[in-house]
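Before any comments, here is the structure.
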Amino acid sequence: QDKVAKIGVLAPMTGGAAADGNEMVNGARLAVEEINAAGGIAGYTFEVVVGDTQDQAADTVTSAFERLAGDRDVNVMMTGYASGSNFEIELMAEQEMPYIISANAAQTRDIIAPSPDDFPTVWSISPSYDAYETAMVPVIQQLLDGGALELPNKKVALISSDNPYSKTIMEGLQKNFEEAGWEVTSADLLPFGEINDWRAFLAGVRQAAPSIIINTDYLPGNAATFMTQFLEQPTDSLVFIQYAPSVPEFLDLTKDRATGVVYNMLGGVLDTPQNPRAAEVVGKYEAKYGAAPGVYGPALYEQVYLYADALAKVGDPTDRLAIGQAIGETEKQIAAGMLRFDPETHLAVQGEDAIPIQFFQIWDGKRELFYPARYATEEFQTPPWMK
Amino acid sequence: MAQSTHEAPLLEVRNVERRFGALVAVNDVSFTVPAGQVFGIAGPNGSGKSTLFNVMTGIPFGPSGGKVLLEGREIQHLRAHEISRAGIARTFQKDAEFATLSAFENAYAGAVYCAGLSGVQARDEAAKALDDVGLGEERRDKAAGDLTVFERKQLMIASAIAGRPRILLLDEPAAGLTRPEVSALAELIRTVNGRGVTVLLIEHVLPLLLSVSQHLMILNHGSVIASGKPAEVVRDPQVVEAYLGKREAAL
Amino acid sequence: MTMDMISAILVSGLVLGSVYALMASGLSLVWTTLGIFNFAHGSLMALGAYFAWTMTDAAGLNLWLGAGVAIAVAGMVGVGILIERTVIRPFYDDKDILLITVMTTLAVMIFLEKGIQFMWGARLKQLEPLVPGQVNLIGTTISAQEALIIVLAPLLLGALWAFLRYSNTGRGIRAVGQNPAAAKLIGVDVSKLFILTFALSAALAGLTGILLGSVRFITPTFGAEPLVKALIIVIFGGLGSLSGTIAAAYIIGVVEAALIFFVGIYWAPSMLFALLIAVLMLRPQGLFGKTVR
Amino acid sequence: MPVAFNMKTLVVAAVLILGLLVPVFVEDTYVRHLFIIAFIYAIVAASWDLSLGYAGIFNFGHVAFFGIGVYATGLCAKLLGIDPWIAMLIGGVVASVAAAVVALPVVRLQGIYVVLVTFAFSQLVLQFVISQSQITGGTQGLVRVPTIELFGYNFLRDYKFGYYYVAFALLVLSTLCLRFITRTDFGLSIRALRDNEDYGLARGIPIGLQRLKVLVASAFFAGIAGGFFAIYLRVASPEVFNFSTMALILSMVLVGGTSSIYGPVIAALVLTFISEGLANVDGLAEGRFMLVAIAMVLVLLFFPKGLVSVFGKRAGKSGA
Amino acid sequence: MTNIQRALEVENLRAGYDAFDVLQGMSLHVGVGERVGLFGPNGHGKTTLLNAVSKLIQPRAGSVRFMGESLEARSAQEIVAMGLVHVSQANRMFPDMEIMETLELAAYTPRARKDRKANLEHVLELFPRLAERRRQEAKTLSGGERQMLSIGVGLMCAPRMLMLDEPTLGLSPKLKDELAVAIGKISADGIPLLLIEQDIAFVLSLVDRMYLIDHGEITREVARGGDVDHDEIMDMYFGGHVSS
Ligand SMILES: Nc1ncnc2c1ncn2[C@@H]1O[C@H](COP(=O)(O)OP(=O)(O)OP(=O)(O)O)[C@@H](O)[C@H]1O
Ligand SMILES: Nc1ncnc2c1ncn2[C@@H]1O[C@H](COP(=O)(O)OP(=O)(O)OP(=O)(O)O)[C@@H](O)[C@H]1O
Ligand SMILES: [Mg+2]
Ligand SMILES: [Mg+2]
């Protein structure tokens, strides 16, 4: 029982993204403690070692990787995200290191899809982000058809910050809206980073009076500022914000100002009676750390369990290829839904029966899931600022 | 003494003017300096002497009007370092040296960038210049900033002559020196002049000014009020009134 | 251009300018007096905000907001003095003081930034606004807190300017910066003034943080962007002149707001920088700096 | 003097041999990696010392030259398919060209105003890189940059053995070049201008031209280092322009000791290893940066001329 | 009460820079109402003496008393406040400050502030050039003008004793004369004077007594009207090679 299998967690522990990093490590530690308390796996107890990716610069990520890789007992690595480009996937592949990653699915796919066999040990528990671009129009149409939502016109204003995630989504949305016969009144790009002044954009919005405003910038601080400034002189529009409202502090920061905001989530926690796993994970996390987790706590928690399952199957942590293969064969209900991997892209499979895209509306400080209907916890309501 | 026989005088300053806002620091000043002369300049404080040197060398600014001619060639439009290379080396009223460079390097810099020498030639020139001013071997590796007042004055002249200038502009070199040092400086200026370098000398220390100058020009409020043989100029009542005061005149 | 646009630009510009002016004047004060750039100034701003946050929020003492602010500012004075004592004072006589203190204040910046993260965590925080609600200013709606900044900044800066200009101590501060030895010889207590300016500057930074901490979100690196702007403003305004600094802050604030409006947020920073370079080409001594020599 | 000279040669030779032997004794990829990163930063820091320390130009855009090297090389190698070795060289040249552009305003400005322009320049470069995302990858960066190859040798093999020697060779070469530059007449003239510009003019030194040359020369080495950085890590991403990168390298220059070239090199090694060493200590996420910050202040308290003065008392005033 | 015959009393003062002592135990005194000169070659510690007395540098040993009071525990600014004013050599003043600002600021101590008006008039009368250029910044002044400002600043401090370090540096001959007259007047008002000067004629015209300094030590004391004239001093000091 003395054998140790170390789990390398790449996470930004310092710098701007440290809040995410802490959550990743917390999630991983939570799972490791549980597993160890239950006697470990295949004669191994787990231990988390952290590689600080700081500001995700290439050299610090590589240093963190090398440091972890240099430890003989580290035979798996996992992360929420380690770099903006996911370039470390190649380093992992060179060493046949099992690597479970969560965010930046588009980059993961771009690297892996051309030759998936070169990356037998790398797997992304996030599904393809395509649904972010395609699901929106049908969902809104459904709301309109069902009478839950009434909109004065078919105009939409888009805004994004200049990062691949937000920009790709915005461009995809623009295309889909236009194809569905909507008028896109603006599709502005802002620099990536802290934005303190949305007023110039909002001024334009007031002129065009679109019935939907979509902000794909994902930074919670920016989103909170956006809401505050929007509500200074609100227009009669549905407000959708990408990702940010899922981050715990968004609610603390905006309080009741967030009521009515809509967002969606792929690979987030699927917290619904049909998926009790989610409530369980979130509950454990809250119990231990005293705060609700965002995406990455549960993600890393599940990643550790994926590895544990694979190790239980293979028995030998140093047989990395076998471990990698075992992970790829996973089929399991996790906090985000039903996890299976697509062998072509090594991403989690997306869909209502797999990892679904979920639409939420914030109401009185709570996130209410209103789509897909089979998981819904609450009906969509007209936001308070709309007539 | 090297007497040049050029048609044009070595240096000619024609109607030079420099204004600072309403103040005319140098006002329509003209003079010529034949090669080989020691040309003294004096005048009350703030009469425009240093400014005159400034506009002649372009450091840090050129004239607002007028011309400066070196051997008949206009130079006032040249850039400052080009004027230096054309053969006008100046010193400054406030302490000036490359403080962290050694004394030798100070002189060497002059030899390289002013005279355009390099390698061994530049080293020889720098060494010779230091010999000429009498800065001892043992001081040459010291940082210039660590030298004594007089040594710094020696160095300042050495680095100028290492650049093989034709004209040397000295701005109050004797300020703060003791009498014996002043005499040594006078000797030094004569030696440099003896090698064919024309000298323009601004000075308030009269014994030095009078003992080395062959010509003396007095400025007051930016204008020339007297110019001529030193002995005559100092007797000019206007000069006595504006500049010398009674005691010096009596001496 | 409609009146609405002009008013929106002016109001945004005033908010930005006020924040910049508060930040930059603290930085300028230290530059004027000690001849150094305090790279920790931004972290001091963050620290002030976190102090206030602890006082009003976390301590749960239900303190009156103003008292919290006062205590936070007092804390900043202490921190300022501590920094001056430990990383500035030992290098007074060094002729490379400018470069050395670039290093030591950078070290303080790192120390504070990471220390803040250690103490308060990395998650975003926000202060309760000192004044709640919204205000309509010449046709543009902003939060009352921002209006407060617009009003408070000129008052504070005016007081600071008058203090430097007319009080004996204030004049002493300006003298010390230009020639400490000569200042001593007319009876100025140089050491005391160094501490005073550092404390004053830290307090200004802290206050900026507190004012801004309810408009923006507080993070350990919350002061980084304002610091960079302030640095630029101090240099651009002409070193060593507080009035130049303040004027430059407002000018840059309004220009930035206008740029955001006309070329968009995306290109506004680049345009601003390009503009700065262009102006410096024409006026190498800064916007209000007098010609050197 | 001959004794001192011999001593110095000995030390230099010893360091060289030691440097050559490292990979023989150190088989750990991680440690080798740290050496490589430290060497790269050492080149950037030492070349910065040329403009900042020797010439006294408050150049805050040096890291941008490094970043330009990273991107120029990355783009040439990946998009244009240029041989990575040559792409590295192109990185240096492009950085130099950029430096010449910056020099245009810089030569006209005095002292501290240079900070503004150089800093603004680096922000402009960053903005440019991010905005051209279809070419540069924007904030995400450029991945899968091709790496070097020499006579069929694959550098990805042998646990960075090959990379180590390339980095070491680059460091040795650049240090030699930089030391050489500082000892030439040109090196003398830039130190002279740092001491006193007006006096320099009076001795015929062209200020503008010398500053231009200094910036171009120092940018070249930073650009090459950037090129190797991109080739080695196989990524070009915009974090190289971050303030924290600048703070890190600047601290190497200043803690090492300006006007010495060796100082920044020593500091690059020391700081890299100390901060990574602390990364191995658990629970020191923020603590390690705080400790390093304290250590930097302590070094300056006891050795205001920088780490280099620990090793030799001629520190700070080198040259001929 | 200590002996108030003496305005300034320096005993066994040791001071210097870094590792070495420039002054190796210097003693001298200035009587109340007395004018004393200090003369010696460059770099032999005259300025260092004044710096140590005014606490620009910290003395290493010895004692200094001003008007009977020990200065040991006093800081530079307290010494100025007591009225012991040091006009330092080649002072660059406050480069970015205008002349009038500088002069007004110079009356910094409470005592000086009281006399600000009168002193200002006095200074402007002494140096009319300063009045002409009241708005000019110190850094653009000519060498001599800056020297005037430096002396003016000293006078604005309401001195009860003046220590002047080479005040004639860079002044024109005429201005030197005028300065001599002015200094004479100031000391005639009972303000004791310690004067460092290279222009021996200038010193001799002003002082009652003179110390000769050599390598940081007082080598001789000469009284005016005594049997020593200036050639003799030069001789004694520098050997016979003086020519000018
Ligand atoms: N940049 C400037 N701005 C305004 N006035 C200036 C400037 N430079 C010089 N002056 C003024 O111009 C006049 C001439 O100055 P300059 O330095 O030439 O005098 P000078 O004859 O050398 O005097 P000194 O013998 O005292 O050195 C002075 O009154 C000075 O104050
Ligand atoms: N700041 C300093 N640091 C180190 N040494 C100094 C410093 N100032 C002066 N010295 C040295 O102290 C010695 C005495 O200098 P001091 O200035 O007292 O001489 P002085 O008699 O006033 O000469 P001068 O006539 O040139 O003014 C000189 O050798 C000088 O080099
Ligand atoms: Mg002059
Ligand atoms: Mg002296």
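The basis for the numbers below is simple: all heavy atoms, side chains too, and nothing from hydrogens, waters or symmetry mates. Residue numbers begin at 1 in each chain, while the letters A, B, ... track the order of the sequences.
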Distance-only donor-acceptor check, side chains B:Y108 and D:D185, under 3.5 Å: yes

What part of [X] gets closer than 4.5 Å to chain D, counting heavy atoms only: side chain, backbone, both or neither?
X: B:I59; answer: side chain
X: B:S159; answer: both
X: B:D141; answer: neither

Ring centroid separation D:F58 to D:Y113 under 6.0 Å: no

SB check B:D131 B:R140 (cutoff 4.0 Å):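 Yes, this pair counts.
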
B:F61 six-ring face occupied by B:R18 cation (under 6.0 Å, within 45°):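 Verdict for B:F61: a cation-pi partner in B:R18.
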
When B:A160, B:S102, B:G58 are compared by non-hydrogen pairs under 4.5 Å with chain D, the top option: B:A160

